[in-house]
Amino acid sequence: MGPLELLVVAFWVMLPAYVPNNAAVLAGGGAPIDGGRTWKGRRILGDGKTWRGTIVGTLVGVGVAYLLNVLRPTAVDVLGVSVPTFPLAVMITLPLGAMLGDMAASFIKRRTGRNRGAPLPGVDQLDFAVMALVLTAVVAFEWFVAVFTLALLVVVLIVTPILHVITNVLAYLFGFKHEPW
Ligand code: CTP
Ligand code: K
Ligand code: MG
């Protein structure tokens, strides 16, 4: 695969993991997952991780994967790039992993004294992608190794933080987010 093809496949394959966190920002609110509970004097996750945001985010991600599967034949024709199909397990592990990665980062933030909304540079930009990849690799190992070459993984790890920064600055400017990260 050439560089442009790698970029297209990276974006295609990660889109079901990119969309959930943004959908959660739009859908968020209501009861927090930790139910307000604390551990060692600090919230377990905090008010920024809600049931509604997590469930809607995951479902929207599953929907995105489904849509990409439907669009795949057309995309292969139009783009001339062999993008993969998502098996059912992966339709779930990519968005669910993304939400869990974001949640794990909030857990770490609270344990290290950071309040809701505080940035954790590096982690904020990759938590969701790394957990989505790990969960997918664990649950659908054969699909994972068939799709992810080392080059594709490297492209994903470079492209993801760039897209994350752009998306979050835009979401902040449009008033959807409280912080631009
Ligand atoms: N959100 C949600 N449920 C999630 C993730 C996000 O409801 N699982 C919503 C919340 O309204 C949250 C907003 O999306 O405030 C922004 O998400 P994020 O930046 O991840 O949360 P923060 O509020 O910054 O909290 P934290 O410091 O824990 O990351
Ligand atoms: K976050
Ligand atoms: Mg935040």
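Whatever order the structure lists ligands and atoms in, that order sets their numbers, starting from 1. The structure displayed is predicted, hence computed values, not measured ones.
Taking 4.5 Å as the limit, some side-chain heavy atom of W143 sits within range of a side-chain heavy atom of F86. You'll find the side chain of E179 stays beyond 4.5 Å of the side chain of N168, heavy atoms only.
Contacts between K177 and ligand 1 below 4.0 angstrom, taking non-hydrogen atoms only, involve the side chain exclusively. No part of H178 comes within 4.0 Å of ligand 1, judged by heavy-atom distances. With a 4.0 Å heavy-atom cut-off, ligand 1 is reached by the side chain of D102 but not by its N, CA, C or O. Under 4.0 Å from ligand 1, the heavy atoms of K109 that appear belong solely to its side chain.
Checking only distances, T50 does come within under 3.5 Å of ligand 1, N or O to N or O.
At least one N/O/S atom of D102, whether from backbone or side chain, sits less than 3.4 Å from the K ion (ligand 2).
Annotation: atom 11 (O) of ligand 1 to nearest protein heavy atom, R116 NH2, 3.8 Å. In this structure, atom 18 (P) of ligand 1 lies nearest to the protein heavy atom K49 NZ, 3.6 Å. The protein heavy-atom contact nearest to atom 9 (C) of ligand 1 is A24 O, 3.4 Å. Regarding atom 14 (O) of ligand 1, its nearest protein heavy-atom neighbour is V25 CA, 3.3 Å. Closest protein heavy atom to atom 8 (N) of ligand 1: T54 OG1, 2.9 Å. Of the protein's non-hydrogen atoms, G117 CA, 3.3 Å is the one closest to atom 24 (O) of ligand 1. The nearest protein atom to atom 10 (C) of ligand 1, hydrogens excluded, is given as G48 O, 3.2 Å; this is a heavy-atom distance.
Within the cation-pi definition used here (under 6.0 Å to the ring centroid, within 45° of the axis), R110 does not qualify as a partner of F107.
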